[in-house]
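Reckoned from all heavy atoms, side chains included, excluding hydrogens, waters and symmetry mates. Sequence positions, counted from 1, serve as the residue numbers for this chain. Just follow the structure's listing: the first ligand is 1, and inside any ligand the first atom is 1.
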Amino acid sequence: MNNETSVTAIHPDVERMLVSEEQLRQRNIELGAAISRDYADREVLIVGVLKGAAWFVSDLTRQLTCDFTVDYMAVSSYGAAHKSSGVVRILKDLEVPLEGRHVLIAEDILDTGLTLKYLIRNFLARGAASVEIAACVVKEGAQEEKIDVRYEGFVLPNEFVVGYGLDYAERYRGLPYIGVLSPRVYEDA
Ligand code: PRP
């Protein structure tokens, strides 16, 4: 296979790589070990927030030795202009009740924190016994809401990042690394 068709070659729209495939693999092993220790004596329900978290959930759960089940939610904020309102619309809800469950929300990225603030409050209102957060990426200095991330993958600069589930206009999610999107991609759009 030549480099131009390899998924591991850096994509021409990616300005620079921030987190390599190997670093992601290693961090998932570490996070998986910490989660497995913390939930050794109780079953945890892992809630992935679609679509971006699907990649993280898939890799992270393969590192768990504790008892767990997985469910997914799809949410959307009411358009970028209204994001600061913190109003989140549920596009796909959970299939299981949360009463008495220990929930671990898995997010691909913590940006403003508005999505997670809404979800934490919503899950506690449904009777979850505990709600913790695992975030693959935390954007440095971007949070408008203070969110306590128990399992943090990588703190990255506040730039437009893509890959490993993170998209721009639904593209680049499948890149096996996380990188900064070249500004010319959205400037030309
Ligand atoms: C992203 C990400 C989080 C949210 C974080 O989802 O997956 O759910 O934004 O942003 P916040 O901290 O500012 O609330 P997005 O709406 O892009 O959907 P996607 O996962 O389908 O790409």
Side-chain angles (χ1 to χ4, degrees), residues 7 11 13-15 18-19 23-24 27-28 31 35 44-61 70-95 98 103-126 128 131-183 185-187 189:
V7 291
H11 192 287
D13 293 346
V14 172
E15 196 175 66
L18 293 180
V19 186
Q23 286 172 309
L24 285 163
R27 194 72 187 119
N28 279 325
L31 294 178
I35 293 165
V44 59
L45 169 64
I46 298 179
V47 174
V49 186
L50 296 171
K51 302 173 191 163
W55 286 257
F56 180 45
V57 169
S58 171
D59 286 343
L60 185 64
T61 52
V70 178
D71 203 348
Y72 287 96
M73 256 182 107
V75 298
S76 115
S77 51
Y78 277 102
H82 301 287
K83 234 186 164 181
S84 60
S85 70
V87 179
V88 171
R89 190 157 51 112
I90 296 177
L91 304 177
K92 179 214 171 293
D93 206 350
L94 298 171
E95 292 172 7
L98 294 186
V103 178
L104 176 60
I105 305 175
E107 264 287 26
D108 49 337
I109 190 163
L110 169 62
D111 192 350
T112 64
L114 292 166
T115 305
L116 279 173
K117 185 189 174 200
Y118 170 84
L119 288 177
I120 292 166
R121 196 180 278 179
N122 182 285
F123 289 180
L124 289 173
R126 297 192 206 189
V131 181
E132 299 290 352
I133 309 296
C136 182
V137 171
V138 174
K139 265 198 180 181
E140 194 167 26
Q143 284 80 60
E144 294 171 22
E145 299 291 339
K146 174 150 177 34
I147 303 288
D148 187 12
V149 180
R150 179 123 185 207
Y151 309 99
E152 188 174 84
F154 300 89
V155 178
L156 298 183
N158 194 357
E159 294 182 85
F160 205 122
V161 288
V162 292
Y164 200 60
L166 297 162
D167 74 309
Y168 169 66
E170 297 298 327
R171 298 178 63 202
Y172 313 109
R173 291 193 199 272
L175 298 178
Y177 51 84
I178 297 172
V180 177
L181 185 64
S182 174
V185 175
Y186 45 90
E187 281 164 6

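Close approach of ligand 1 to E107 is summarised as follows: ligand atoms under 4.0 Å from at least one heavy atom of the residue are 2 (C), 3 (C), 7 (O), 8 (O). Listed by number with element, the atoms of ligand 1 under 4.0 Å from a non-hydrogen atom of D108 are 2 (C), 7 (O). Residue-ligand proximity, D167 to ligand 1, at heavy-atom distances under 4.0 Å covers atoms 22 (O). Residue-ligand proximity, T112 to ligand 1, at heavy-atom distances under 4.0 Å covers atoms 11 (P), 12 (O), 13 (O), 14 (O). Heavy-atom proximity to G113, at under 4.0 Å, picks out these atoms of ligand 1: 11 (P), 12 (O), 13 (O).
Nearest-residue assignment for atom 22 (O) of ligand 1 (options E170, M73, K51, R173; heavy-atom criterion): R173.
Between the CG atom in D13 and the OH atom in Y186 there is a gap of 11.5 Å [rounded to 0.5 Å].
Contact check for L94 versus M73: side-chain heavy atoms found under the 4.5 Å cut-off. In this structure, V137 and F56 have side chains that are not in contact, with every pair of non-hydrogen atoms separated by 4.5 Å or more.
Residues passing the salt bridge (charged side-chain N to carboxylate O under 4.0 Å, His left out) test with E152, sequence neighbours excluded: none.
Residue contacts with ligand 1, taken as heavy atom pairs separated by less than 4.0 Å, do not involve Q143 at all. Residue-level proximity to ligand 1 for D111 is carried by backbone and side chain together, each with a heavy atom below 4.0 angstrom. The backbone of L50, and not its side chain, has at least one atom closer than 4.0 Å to an atom of ligand 1 (non-hydrogen atoms only; backbone = N, CA, C, O). Neither the backbone nor the side chain of E144 has any atom closer than 4.0 Å to an atom of ligand 1 (non-hydrogen atoms only).
Nearest heavy atom pair, residue P176 against residue L24, reads O-CD1, 3.3 Å. The minimum heavy-atom distance between G113 and L110, with the atom names listed, is CA-CD1, 3.4 Å.
At least one N or O atom of G52 sits closer than 3.5 Å to an N or O atom of ligand 1.
Judged by distance alone, with hydrogens and angles left aside, the side-chain atoms of K139 form a donor-acceptor pair with the main-chain N or O of E159 at under 3.5 Å.
Under 4.0 Å is where a charged nitrogen must lie from a carboxylate oxygen, and between R173 and D108 no such pair does.
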